[in-house]
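In what follows, every heavy atom counts, from backbone to side chain, and hydrogens, waters and symmetry copies are set aside.
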Amino acid sequence: MRDQRDLRYFIAAARHGGFRGAARATSTSASSISEAVIRLEERLGVRLFNRTTRSVALTQAGETLLARLVPALEEVDAALEATSALGKGPRGLLRLNVPGAVTRTILPPILERFLAAHPDITLELIANDGFVDVLASGADAGIRYEEALSQDMIAVPIGPRSQRFAAAAAPNYLERRGHPRHPHDLLSHDCIRTRFPGGALGIWEFEKAGGVVKIDPPARMTVSTQAVDMAISATVAGLGILMTFDGWLEPLLEDGRLLPVLEDWWSTFSGPFLYYPGRRHMPPPLRAFVDFVKAEQADERAEGRSRSQGIGPL
C-alpha cells in the first residue's frame with residue numbers, strides 16, 4: 001500500500017507543479033510528498049524530478065514513468081470500483097465538463113432524471129466553453145458540439161439532435177431601425193454579440209435554400225459566453241439584435257417581448273455529444289450515465305419512428 005501511495009504522490013507532484021501543490025491537492029504535507037518521491041527515485045535508481053530553489057520539473061525518466069503510470073492506476077481504480085459495485089447500484093462521484101450552452105435547457109432535465117434513478121451517485125458540473133483535455137481537467141467526461149470533439153474520444157449523442165440559431169430584437173428597436181430583409185442588412189444595424197474564451201467573436205451564419213451567408217456584424221455590445229443572460233436582457237431593452245439558441249429566446253418570442261428577425265434564414269446544426277476516453281474499465285458512475293444517455297436516445301428514436309408512422313400511445 002505504501003508503494004501505491006508513493007506512486008500517487010508522484011503523480012500529484014507532476015500534475016500540480018511540485019511538492020507544495022501536490023500537498024494542497026492531497027491534503028498532506030510537502031515533506032511527505034518529497035519523501036515519497038525520494039523513495040521512488042532510490043528504488044528505481046533514476047532521478048524523477050529536477051529540483052531548484054524555485055521550481056520542480058520532471059526529468060525525461062519522470063515523464064516516461066508518468067505517461068505509463070497514469071493509465072495503469074486508472075485501470076486499477078476502475079477495477080476496484082467495478083468490483084466494489086457488484087451486488088449494489090452504482091455509487092460515487094461523476095464529474096462532467098460542459099459548455100454553458102447546455103446548462104440552460106438541455107442538461108437540467110437529463111440530470112434530474114439520471115440523479116433520481118441513481119440516488120447513490122453525486123455530481124460535479126464544471127461549466128467551461130473552451131475545449132479542454134477531459135482527463136487533465138479532472139473530469140470523467142465532457143459535453144461538446146461536433147466541431148470541438150477530440151478524435152481519440154468516444155462520442156455519444158445527448159439531448160436534441162438538431163438545434164437552431166435564432167435572431168431576434170425588441171419591437172421598439174425594430175420600429176426605430178426597421179426590419180432586416182437579408183442577412184447583409186445586419187451590417188447597418190446594432191448587434192449584440194458573444195465572445196468565446198479564446199477571444200474570437202462568434203460569426204453569424206444564416207442559411208436558405210441551400211445557400212449559406214456568414215456575417216461579421218458591428219457590435220453595439222459584446223459579452224462573454226458566460227454572460228448570455230445580460231445579452232438577452234439588453235436585447236429586450238431594445239439595444240440591438242441578438243443571435244443565439246432559439247430555445248433560449250422561445251419564451252420571449254412567445255410573449256412578444258422579442259420579435260423574430262430573418263426567421264426564414266435561421267440555420268440549423270447538430271446537437272451536442274457526451275464524450276469520454278475509450279477505457280476498458282469505466283468508473284461505475286460514468287458507465288451508469290453513458291448507459292442512461294444511450295437509453296434515452298434510443299427511446300427518443302423509437303418515439304420519432306412511431307410519430308412518423310402515425311402510431312399513438314396505446
Side-chain angles (χ1 to χ4, degrees), residues 95-112 123-134 137-139 142-149 158-160 163-174 176-177 180 183 186-206 214-263 266-274:
R95 295 186 181 93
L96 297 178
N97 189 298
V98 306
V102 304
T103 63
R104 294 175 63 95
T105 56
I106 294 176
L107 205 50
I110 295 174
L111 292 178
E112 287 168 12
L123 175 70
E124 181 177 344
L125 200 65
I126 304 110
N128 187 325
D129 287 310
F131 180 69
V132 298
D133 183 318
V134 171
S137 73
I143 295 177
R144 288 296 184 274
Y145 285 87
E146 194 168 6
E147 67 275 7
L149 291 177
I158 184 171
Q163 291 184 260
R164 284 197 306 174
F165 278 130
N172 60 3
Y173 173 87
L174 295 173
R176 295 195 317 269
R177 303 293 299 275
L186 295 172
L187 297 175
S188 59
H189 276 267
D190 293 335
C191 297
I192 299 173
R193 302 183 62 182
T194 54
R195 190 180 298 277
F196 293 103
L201 284 171
I203 298 298
W204 290 12
E205 185 172 310
F206 298 86
K214 296 182 179 181
I215 301 294
D216 188 11
R220 171 77 188 279
M221 179 178 177
T222 302
V223 302
S224 72
T225 53
Q226 299 292 330
V228 175
D229 285 338
M230 180 177 293
I232 293 174
S233 295
T235 307
V236 172
L239 296 184
I241 297 173
L242 174 67
M243 188 172 187
T244 189
F245 295 93
D246 65 340
W248 297 2
L249 301 179
E250 186 174 347
L252 301 169
L253 292 168
E254 289 179 350
D255 66 18
R257 282 181 287 171
L258 292 180
L259 296 176
V261 171
L262 297 170
E263 186 172 7
W266 290 358
S267 62
T268 60
F269 56 96
S270 297
F273 291 81
L274 170 70

Is it true that a side-chain atom of [X] and a backbone atom of [Y] form a donor plus acceptor pair closer than 3.5 Å?
X: R104; Y: G247; answer: no
X: S267; Y: E205; answer: yes
X: R177; Y: G240; answer: no
X: R220; Y: H189; answer: no

- Does F273 have its ring centroid less than 6.0 Å away from the ring centroid of Y145?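 Ring centroids of F273 and Y145 are no less than 6.0 Å from each other.
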Over all heavy atoms of both residues, which pair between [X] and [Y] is shortest? Give the atoms and the distance, please.
X: D190; Y: Y173; value: N-OH, 3.0 Å
X: L174; Y: P180; value: CD2-CD, 4.2 Å
X: V228; Y: T244; value: CG1-OG1, 4.4 Å
X: N128; Y: N97; value: CB-OD1, 3.5 Å
X: V236; Y: A170; value: O-CB, 3.6 Å
X: P260; Y: W266; value: CB-CZ2, 3.7 Å

Nearest 0.5 Å please: distance from the [atom1] atom of [X] over to the [atom2] atom of [Y].
X: E250; Y: R164; atom1: CD; atom2: CZ; result: 9.0 Å
X: I203; Y: I215; atom1: CD1; atom2: CD1; result: 9.0 Å
X: I158; Y: L96; atom1: CD1; atom2: CG; result: 8.0 Å
X: R95; Y: L123; atom1: CZ; atom2: CG; result: 10.5 Å
X: L258; Y: I241; atom1: CG; atom2: CD1; result: 11.0 Å
X: I143; Y: L107; atom1: CD1; atom2: CG; result: 4.5 Å

Any side-chain heavy-atom pair from [X] and [Y] closer than 4.5 angstrom?
X: M243; Y: C191; result: no
X: T235; Y: L252; result: no
X: I192; Y: M230; result: no

- Among all residues two or more places apart in sequence or in another chain, which pass the ring pair (Phe, Tyr, Trp, His ring centres under 6.0 Å) test with F206?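 With sequence neighbours excluded, F206 shows a ring pair (Phe, Tyr, Trp, His ring centres under 6.0 Å) to no residue whatsoever.
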- Take L249 and L242 through the side chain to side chain contact (heavy atoms under 4.5 Å, CB included) test and state the conclusion after the steps. CA-CA 10 Å; L249 301 179; L242 174 67; 4.3 Å; yes
